[in-house]
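Counting starts at 1 for both ligands and their atoms, in listed order. Being a predicted model, the structure only gives us computed values, none of them experimental. Atoms considered below: every heavy atom in the structure, side chains included; atoms not considered: hydrogens, waters and symmetry mates.
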Amino acid sequence: MRYIEPHAHMVSRVTDDYIDMTTAGCQAVCEPAFWAGFDRKSVNGFYDYFCQLTDYEPKRAAKFGLPHFSWLCINPKESEDLKLADDVLAIIPEFLDRPTVLGIGEIGLNKNSKNEVKVLEHHIELAASREQMILVHTPHLEDKLKGTRLIIDALKSDRRIQPERVIIDHVEEHTVKLVLDAGFWAGMTLYPESKCTPARAVDILDVCGTERIWMNSACDWGVSIPLAVPKTALEMKRRGHTPETIDKVVYQNPLQFLSQCPKFKLSA
Ligand SMILES: [Zn+2]
């Protein structure tokens with residue numbers, strides 16, 4: 001099996017996870033900027049985090065021949081403080097030209113607050129003005145449908161944003177169609193407890209098809225499984241999907257989306 005892990009928070013993971021992923025057939029890993037397991041108090045914390053994402057992690061992954069890429073932003077969970085968000089947005093441009101940075105992400109909403117929406121709009125402006133691709137985080141549980149609608153409205157209101165260059169992640173049964181019908185890519189996050197289980201993800205594929213959709217493990221500080229993508233590929237196999245269909249979802253689709261950024265290359 002070959003697959004791409006398009007959304008994994010490797011800074012929260014041990015090196016053995018890189019070994020397991022490459023053993024399972026992982027060809028590349030992409031890491032959106034997100035919460036670091038604690039709220040950072042100053043812009044300097046983000047500066048160091050962006051250095052970690054663009055320098056240290058690519059080197060750690062390269063030891064196992066695994067290309068590592070990243071997306072940069074201040075995540076919605078920490079963007080309630082508008083002054084801090086402004087300060088972080090101001091340092092992002094100096095990192096955007098680094099060779100493994102794919103775009104702006106994971107931006108979006110967490111609690112759908114006014115300040116989160118403001119910071120989301122600032123990120124969309126930054127992405128549009130710098131012609132960057134976008135990776136979006138959608139809220140959890142009861143806030144998800146409303147948050148997904150707000151995010152799509154914000155993206156659609158900027159005519160410079162091309163939907164095919166945006167992936168909206170953490171879709172579930174009640175939001176996936178909204179995202180795909182608006183022309184965006186959709187990501188399914190495979191969690192053992194919340195978000196999509198492997199069985200639910202395969203159900204969604206059965207209903208929605210396999211165009212403009214990918215799966216990821218997120219593998220962050222919560223209960224999560226770094227090998228969730230290959231495990232779900234096995235669930236697809238068990239349910240009778242062909243090797244070609246499985247390869248499309250776990251390898252070809254992320255390759256197609258990510259290759260819109262010329263910096264995305266599979267050779268380490
Ligand atoms: Zn994430």
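Closest of all the heavy-atom pairs between Cys51 and Arg98 is CA-NH1, 4.3 Å.
Relative orientation of the His170 and His140 rings is parallel, given thresholds of 30° and 60° on the angle between their planes.
Checking Asn110 against Lys77 by side-chain atom types alone, no donor-acceptor pair falls below 3.5 Å.
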>> Could you go through Glu5 and Asn216, starting from their C-alpha distance and side-chain angles, then the distance that decides it, and tell me whether this counts as side-chain contact (heavy atoms from CB on, under 4.5 Å)?
In response: CA-CA 6 Å; Glu5 173 52 80; Asn216 60 74; 3.3 Å; yes

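Within the structure, the side chain to side chain donor-acceptor pair (under 3.5 Å) test picks out the following pairs touching residues 86-96 (sequence neighbours left out): Lys83-Asp87.
Ring pair Tyr3/Tyr251: centre-to-centre distance not below 6.0 Å.
Listing protein N, O or S atoms at distances below 2.8 Å from the Zn ion (ligand 1), with waters left out, gives His7 NE2, His9 NE2, Glu106 OE2.
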